[in-house]
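Remarks on the structure that follows.
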Amino acid sequence: MTYTEQQIQPQDVKVKILLTGGHQCTITLKSDTPLLHSLVKALVDRTQQTVGFSTLFQIPIDDGRSSLSFPGEHLVGLVTEPPIYLQQLQPQQPAIPVEIPLEIPVEIPTEIPAPAPVNDDLISRYAQIDNFLTSAEKNKLIKYILAKESEFVTTSTSTNAEDYRRSMVLHSFPEFSALMVNRIKAILPDVLRKLNIPAFPLGDIEAQLTMHNDNNFYKLHNDSGSPDTATRFFTYVYYFNREPKAFFGGELQIYDSKVENNFYVADETFRTVEPRNNSIVFFLSRYMHEVLPVSCPSKAFADSRFTINGWVRQAD
């Protein structure tokens with residue numbers, strides 16, 4: 001696929017960005033800016049349901065005094081003034097307009113260049129799936145863990161580093177760990193498809209139940225950096241909590257990678273994942289990631305940020 005090479009003078013385009021929840025923001029962009037192309041590509045991906053590769057947009061607003069940040073899957077529409085067009089050419093075929101099924105048509109000029117190629121292996125990607133358990137299953141799980149409060153123990157790290165991780169964990173919960181493992185096995189082919197990852201020989205699937213309360217966190221780490229964790233392929237995190245939610249923060253921050261001395265290390269760029277109730281997130285275990293601090297004003301156990309998290313191992 002190539003772009004036509006017509007020389008069209010760049011022009012100012014007023015772009016109204018429509019986001020989930022009724023939020024919107026209007027900015028002015030040049031018609032040849034790659035950002036405009038990236039916004040429309042994210043919109044096309046959404047309408048074609050190509051979910052799983054989340055792009056984080058960070059757009060300067062208010063003359064650079066503020067920044068509008070949102071993941072690509074939260075983009076629901078664009079309004080452009082004046083109207084602009086994107087045409088795609090198949091080899092030796094006439095130009096065909098891209099069809100975007102929106103009430104307000106969105107088009108981009110033909111001279112916008114394709115984004116610069118990137119090393120996909122260094123860009124963090126994740127799949128977040130909502131409504132992972134049924135409402136009845138989730139409510140039963142909450143009732144179960146509230147009855148198990150006394151069995152939660154303080155978490156630790158393999159290096160026993162101090163002030164590196166604050167949370168509590170329930171190691172044994174057979175009534176629900178089996179449910180999670182079976183549900184993950186069933187959904188894993190779809191996760192691989194969403195992330196464009198080839199199938200791999202499936203090994204064990206591990207599960208633990210974790211609680212984060214006020215001022216709890218987990219600093220930057222990965223999940224496959226030691227000999228006994230080297231076969232971890234995917235990390236998953238299932239979020240659940242009582243409603244209405246009584247905590248703030250606790251986002252999962254997944255960092256892009258760079259290679260230093262033949263090792264993957266965290267880059268400066270990252271993706272931020274909201275701990276949405278009854279959703280599950282999958283990402284590669286080698287990614288550097290952290291849990292941002294949780295604020296739980298009541299400090300009550302029942303108001304905590306709860307997860308069932310674990311790892312999908314690759315068979316030897």
Side-chain angles (χ1 to χ4, degrees), residues 1-89 95-128 195-196 251 253-258 267-274:
M1 182 173 61
T2 60
Y3 293 93
T4 58
E5 296 181 355
Q6 303 173 14
Q7 297 300 316
I8 300 177
Q9 188 67 27
Q11 58 181 318
D12 286 336
V13 179
K14 183 184 292 185
V15 182
K16 181 183 293 185
I17 302 171
L18 308 177
L19 302 173
T20 55
H23 303 291
Q24 63 182 42
C25 177
T26 300
I27 59 175
T28 299
L29 298 172
K30 287 292 185 183
S31 59
D32 61 349
T33 178
L35 174 59
L36 191 53
H37 182 281
S38 297
L39 285 167
V40 172
K41 183 180 183 300
L43 191 60
V44 172
D45 288 347
R46 180 181 175 89
T47 60
Q48 294 177 348
Q49 297 183 336
T50 54
V51 182
F53 293 82
S54 182
T55 298
L56 178 67
F57 288 95
Q58 295 181 303
I59 302 173
I61 58 176
D62 298 332
D63 295 325
R65 294 189 300 272
S66 306
S67 177
L68 172 66
S69 301
F70 60 91
E73 64 266 26
H74 287 189
L75 179 65
V76 296
L78 297 171
V79 181
T80 63
E81 181 185 339
I84 46 180
Y85 292 86
L86 172 65
Q87 291 183 325
Q88 294 178 314
L89 294 180
I96 303 174
V98 174
E99 296 183 1
I100 304 176
L102 298 174
E103 294 181 2
I104 303 174
V106 178
E107 307 94 10
I108 298 294
T110 57
E111 84 280 9
I112 288 183
V118 296
N119 186 342
D120 286 347
D121 197 39
L122 301 180
I123 303 299
S124 63
R125 291 178 168 82
Y126 67 89
Q128 185 167 20
L195 296 180
N196 196 29
E251 296 88 355
Q253 207 149 275
I254 307 174
Y255 286 79
D256 292 333
S257 302
K258 58 184 178 181
D267 207 339
E268 291 78 15
T269 53
F270 53 82
R271 310 287 181 269
T272 302
V273 183
E274 177 190 356

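What's counted below: heavy atoms across the whole structure, side chains too, no hydrogens, waters or symmetry copies.
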Nearest 0.5 Å, what's the [atom1]-[atom2] distance between [X] and [Y]?
X     : Y     : atom1 : atom2 : value
Thr28 : Gln11 : OG1   : CD    : 12.0 Å
Leu35 : Ile27 : CG    : CD1   : 5.5 Å
Asp12 : Leu29 : CG    : CG    : 9.0 Å

What is the minimum heavy-atom distance between [X] and [Y], and which atoms define it?
X      : Y      : value
Leu75  : Leu39  : CD2-O, 3.3 Å
Glu251 : Thr272 : CB-CG2, 3.8 Å
Ile254 : Ser124 : O-OG, 3.5 Å

Hey, does Val15 have a side-chain heavy atom less than 4.5 Å from the side chain of Leu36?
yes
After noting the C-alpha distance and the side-chain angles of Lys14 and Thr80, does the key distance pass the side chain to side chain contact (heavy atoms under 4.5 Å, CB included) rule?
CA-CA 6 Å; Lys14 183 184 292 185; Thr80 63; over 6 Å; no
Salt bridge Lys16-Glu81, side-chain N to carboxylate O under 4.0 Å
no
Using the side chain to side chain contact (heavy atoms under 4.5 Å, CB included) rule, take Ile17 and Thr26 through it: C-alpha gap first, then chi angles, then the decisive distance, then the call.
CA-CA 6 Å; Ile17 302 171; Thr26 300; over 6 Å; no
Is there a donor-acceptor contact under 3.5 Å from the side chain of Asp256 to the main chain of Asp267?
no
Look only at the side chain of Glu268 and the backbone of Tyr255, and say whether a donor-acceptor pair between them is shorter than 3.5 Å.
no
